[in-house]
Structure formats: structure tokens, C-alpha cells
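Report on one structure; see the data block that follows.
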Number of protein chains: 2
Amino acid sequence: MATGRTHRPATRSRGIPEATVARLPLYLRALTALSERSVPTVSSEELAAAAGVNSAKLRKDFSYLGSYGTRGVGYDVEYLVYQISRELGLTQDWPVVIVGIGNLGAALANYGGFASRGFRVAALIDADPAMAGKPVAGIPVQHTDELEKIIEDNGVSIGVIATPAGAAQQVCDRLVAGGVTSILNFAPTVLSVPDGVDVRKVDLSIELQILAFHEQRKAGEETAAGDGARPAATTRDASADQGPDGDVPAVMPA
Amino acid sequence: MATGRTHRPATRSRGIPEATVARLPLYLRALTALSERSVPTVSSEELAAAAGVNSAKLRKDFSYLGSYGTRGVGYDVEYLVYQISRELGLTQDWPVVIVGIGNLGAALANYGGFASRGFRVAALIDADPAMAGKPVAGIPVQHTDELEKIIEDNGVSIGVIATPAGAAQQVCDRLVAGGVTSILNFAPTVLSVPDGVDVRKVDLSIELQILAFHEQRKAGEETAAGDGARPAATTRDASADQGPDGDVPAVMPA
DNA sequence: AACTGTGAAGATCTTCACAGCA
DNA sequence: TGCTGTGAAGATCTTCACAGTT
């Protein structure tokens, strides 16, 4: 399956469902916004609306973390921010390397959501010697030759692959050999990794194809169905699913 | 929920489960690769390995499309490519507009996976007047003022938002007003859209946070658990989940 | 009265395991 | 014999609905 390996019986480490883990960042984002507006407390209803989920789901999700709310009142914003951050492991520093500094790699390097969430771009790496030394987002690009050394020196455990598909597996192998155990893959390839290594993939092409599928259905329904059951608005999150038994491949631009 | 609207009772338009739809692009990619190597047929086992899923799941997925395989033999590659393409609506032309031509927008514009899958970048749009006329990926950037006109003139029904979070909702509203009914959102915001409009979101920050969660667990387990149940390799697809009742928010860089 | 926390029901998705066809 | 197609079991996720707490 997946990348050619076995998967854990259930990713639900310590009982938190994978689907819940995938939503914690959403709650965190909404809570952070409230925190910046100095809102002291929120009800599950309000927070759910801000995060784009329904309140029952949110309460159930939080129940896996513990009883952090107050009946009749709601949740303390600051406290929840802390609890969720801790749960996600964001209270510690996560040095990250980005490999492949094309437009996408540059976009990622410039992404502000990093630092604020405990992530730190330890290095930008590209195979093109001409890129070496060139600063992107204020960080000088380093050559692929330095990969292993950089990983070790910085204690990097998370790597981002933004290279063309052809180079992805090779880069992946080197990241893993160097000690990286979590990979975010933007290349349109199914990566093969050994046990113990997590891979998440993001693929623009796939997202568009899924949209096209539904778009096509809409066009069809117009002619058919009178009006009884019309398609309703839908918002899907490209992060949720990724099942606990991992079995889905990766993808995307470069 | 989601963007503040209701969702269809079940996105399973015409009976195809949402989870299956999310995997069709993966199969298509694997099949295309086989096709290019002139491989005539594949077994569910082989194709599943190439796509990174297990074979039972793949066979079940295909069973929703119809009986396209031959017992004792496998699936005809070309035939399957056609059937899946048709099912996804990729046999038709999908003009797409990309709004927000920063690094990410440029990366998307340059993404080759577009054209080969029926998608055509009809226009690149940016709010910065200085960008107007500047060619990106061979296509001249146009100013936001032209948005509605472009959508109408090209019959665009799919829009990609790659703007900063602050501009996303406004851009979204204009896209919808112009007639777009499917949106791929890269901005870290929960978009509010009327019924009938689909939104999918991709958020780098969220993906990293999910990785961090598991990474943290790994570190913990090392000290604990002897070796009985060690975490195994996992590959998650950031596209799968997006449930049929849509309820997940969006996110990402700009 | 307001709102959380959660058992239980329902829906969806995955995996098994084997009948059935080439 | 080999491999697909699928009913049925199992696992996970979502939603309901209300008891419990402030």
C-alpha cells in the first residue's frame, strides 16, 4: 500500500482520533484570531462557526483533549490556545528544511504562518548551483550537497519537498537517511519511505480534479432534478481525511 | 458549519463515495504513467501499489464506476484512463482563473499538471497595478478590475485563490458574483459562500502542524513502549478526507 | 438559563474473504 | 488458476440529543 510499507494499527496515538488532530489546527487558528482581539471566552457554537465546523463535532473533538470548558460559559480562549498548542507539539521548536526553491519553495519560505506556529525554516536547499548563496525570504539557499550536514547540525526532523516529481524520491531518501522522520511532499509522486516515517502530500492537480468532478455534476443536475434536492454549498479541507492507516499517495506542482 | 452554509445530504452524487472521488486522480496519475510506458493491462495489486493504496480499496472504488476489469487478467490501462477521466469530467475543457500572483500564484501558473488534465489557465489576476501586463508562465497578468469580465468571457467556473488571507473573502465574493461555482482556496481563511458553490482548501501550516503532532508522539514513544507496537510508516493524502458534508475550513500561504 | 461533555445512533469508509468469471 | 467484483464485518467519523454543571 501507500508508499510500500505497513502502517500503524491506528494513528490514534493516545486516543486522539486522526480526524480530530486534523481539525486542531483550524481551531487553533480561529482561537488565535480571537486572542488577538482579546476575546476572553467563546462558546462551542461561536468557535465552531469561526472554524467552519459544527459545534457538536467541535465539542466532541475537545472532549478528547480533556474537559477544558466551563458549562454555562464556554471555553477560555488563552487556555485553549495553550492546550491545543501543547497537544500539537507547537510549544517546542521545529526546525524545517525546504528542498527545491522554485516558485513554490519560495512561496513556502515566505509563508508567515511558520514562525508563529513553532516552525523555523532552518535551511533552503536547491540542486541548482546557481541558486547557492542567493537569499530567499532572507535565508541563503544552500546546495543539496549540504543536505545531510544541515539536518544533523540543526536537528531537523521535518522536511518539505517542493522539487519536480523526478527528484522527489531521491531527495526523500536523503532526507530520511539524514534523520528526517516527517515529510510534507508537494511533488506529484508516491514516496516510498521506511517504517517510522510520516509523509503527507499536497497536490494541486488532485484538488482541481475533485472540484471538476463536482462541477460536472452540477451542470448535469441543472438539466435533471427540478429543484427538490439541489446541491448545497460545500467546503472540504484538504487535510482532514488522511486516514490513520495511511494509504494515500502524494502530489503537486513544482 | 464550514463556510457558514448548509451542505448536501451526501455529496455522493450518483452513488460515488466522496472518498472514492478523492482517489480517482491518484489512480489516473498512476495509469497515465503506465500508459506512457505502453503497459497494456494492470492488476488491482500492481495499480494499487503504484497509487499507494491497498488493492481491496482500489477494486471497491472501481466497482462504483462499473465493471471495467477482466477477471483473471486485470484492467485495460487505456480504457481505465478514459473511464476515470470521463468520470472526473476531465474530458472537457475547464478554464481556470488564478487570483493573486505572488510566489504561490506563479507556482500554480507554472504547474504543468494543468493542461494535461483538461485545465486551462484562462487568466492570471492580481490587485497590484504594477503587475498588470507582466507575463507569468507566458500569460499576461491582468488587474482585478477585469475579474468579472474575464469570468464571463471565458466561461470560467473554477477559481483559485492565492491571495493573502485578508483579500480572500472579497476575491471569493467577486468570483462567485461573476459566476464561479468551484473554488480552490490557498488563503488561510474560512470562506463564506452561498449554496451551490464548492470550496476546497489547502493549507501548508495545517499540514505541518499535523506532522508535528505525530512527530511529537514519536519522540514520546521512544522513551515509553519497549518495541511491541512501534509506529509504522504512514502516508496521508491531504485530499482524501474532505467529507461530503463539508465542514472543514481552509488555509495556507500567500 | 446557558452551555459543555458524552452515550448512543447513524453514516461513511475500509478491509476481509470468497464467490464468480475468464 | 488468476484476478475481479462485492456482501458482510469492522473501524472510524459525525451527529443527535440530553444529562450534568455552573
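Keep in mind that the numbers below use all heavy atoms, side chains included, and drop hydrogens, waters and symmetry copies. Naming: A, B, ... by sequence-line order, numbering from 1 per chain.
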Given atom [atom1] of [X] and atom [atom2] of [N], what is their separation to the nearest angstrom?
{"X": "Glu46(B)", "N": "dT4(D)", "atom1": "CD", "atom2": "C1'", "answer": "13 Å"}
{"X": "Leu58(B)", "N": "dC16(C)", "atom1": "CG", "atom2": "P", "answer": "15 Å"}
{"X": "Arg23(B)", "N": "dT12(C)", "atom1": "CZ", "atom2": "P", "answer": "15 Å"}
{"X": "Leu47(A)", "N": "dC3(C)", "atom1": "CG", "atom2": "C1'", "answer": "14 Å"}
{"X": "Phe62(A)", "N": "dT4(C)", "atom1": "CZ", "atom2": "P", "answer": "10 Å"}
{"X": "Asn54(B)", "N": "dT4(D)", "atom1": "CG", "atom2": "P", "answer": "13 Å"}
{"X": "Glu18(A)", "N": "dT12(C)", "atom1": "CD", "atom2": "C1'", "answer": "17 Å"}
{"X": "Lys57(B)", "N": "dA17(C)", "atom1": "NZ", "atom2": "C1'", "answer": "17 Å"}

Check side chain to side chain donor-acceptor pair (under 3.5 Å) between [X] and all other residues, then give those that pass, not counting sequence neighbours.
{"X": "Tyr79(B)", "answer": "Gln83(B)"}
{"X": "Gln170(A)", "answer": "none"}
{"X": "Asp173(A)", "answer": "Gln169(A)"}

Protein-nucleotides 18-22 of chain C N/O pairs under 3.5 Å:
| from | atom 1 | to | atom 2 | distance (Å) |
| --- | --- | --- | --- | --- |
| dG20(C) | N3 | Arg71(B) | NH1 | 3.2 |
| dA22(C) | O4' | Arg71(B) | O | 3.3 |

ring-ring contact (aromatic ring centres under 6.0 Å, His included) contacts touching residues 18-56 of chain B (sequence neighbours left out)
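Listed once each, the pairs are Tyr27(B)-Phe62(B).
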
Sugar-phosphate only, base, or nothing, as touched by Tyr75(B) at under 4.0 Å among non-hydrogen atoms:
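Sugar-phosphate, no base atom in range.
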
Closest-nucleotide 5' rank along DNA chain D - winner of Gly74(B) and Ala56(A):
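Comparing both residues, the 5'-ward one is Gly74(B).
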
Closest approach to the side chain of Ala19(B), judged atom by atom: which nucleotide of dG5(C), dG5(D), dC13(C) is it?
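Closest nucleotide to the Ala19(B) side chain: dC13(C).
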
Would you confirm whether Glu46(B), through its side chain, and Ser43(B), through its main-chain N or O, come within 3.5 Å as a donor-acceptor pair?
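Yes, the answer is positive, given that a donor and an acceptor are paired below the 3.5 Å cut-off.
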
Does dT6(D) have OP1 or OP2 sitting under 4.0 Å from an N or O in the side chain of Lys60(B)?
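Checking dT6(D) against Lys60(B), no side-chain N or O comes under 4.0 Å of OP1 or OP2.
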
Donor-acceptor list for residues 32-39 of chain A side chains, cut-off 3.5 Å, not counting sequence neighbours:
| from | atom 1 | to | atom 2 | distance (Å) |
| --- | --- | --- | --- | --- |
| Thr32(A) | OG1 | Leu28(A) | O | 2.7 |
| Ser35(A) | OG | Glu78(A) | OE2 | 2.7 |

Flag for Arg86(B)-Thr91(B): side-chain donor and acceptor within less than 3.5 Å:
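The criterion, which ignores hydrogens and geometry beyond distance, is not satisfied for Arg86(B) and Thr91(B).
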
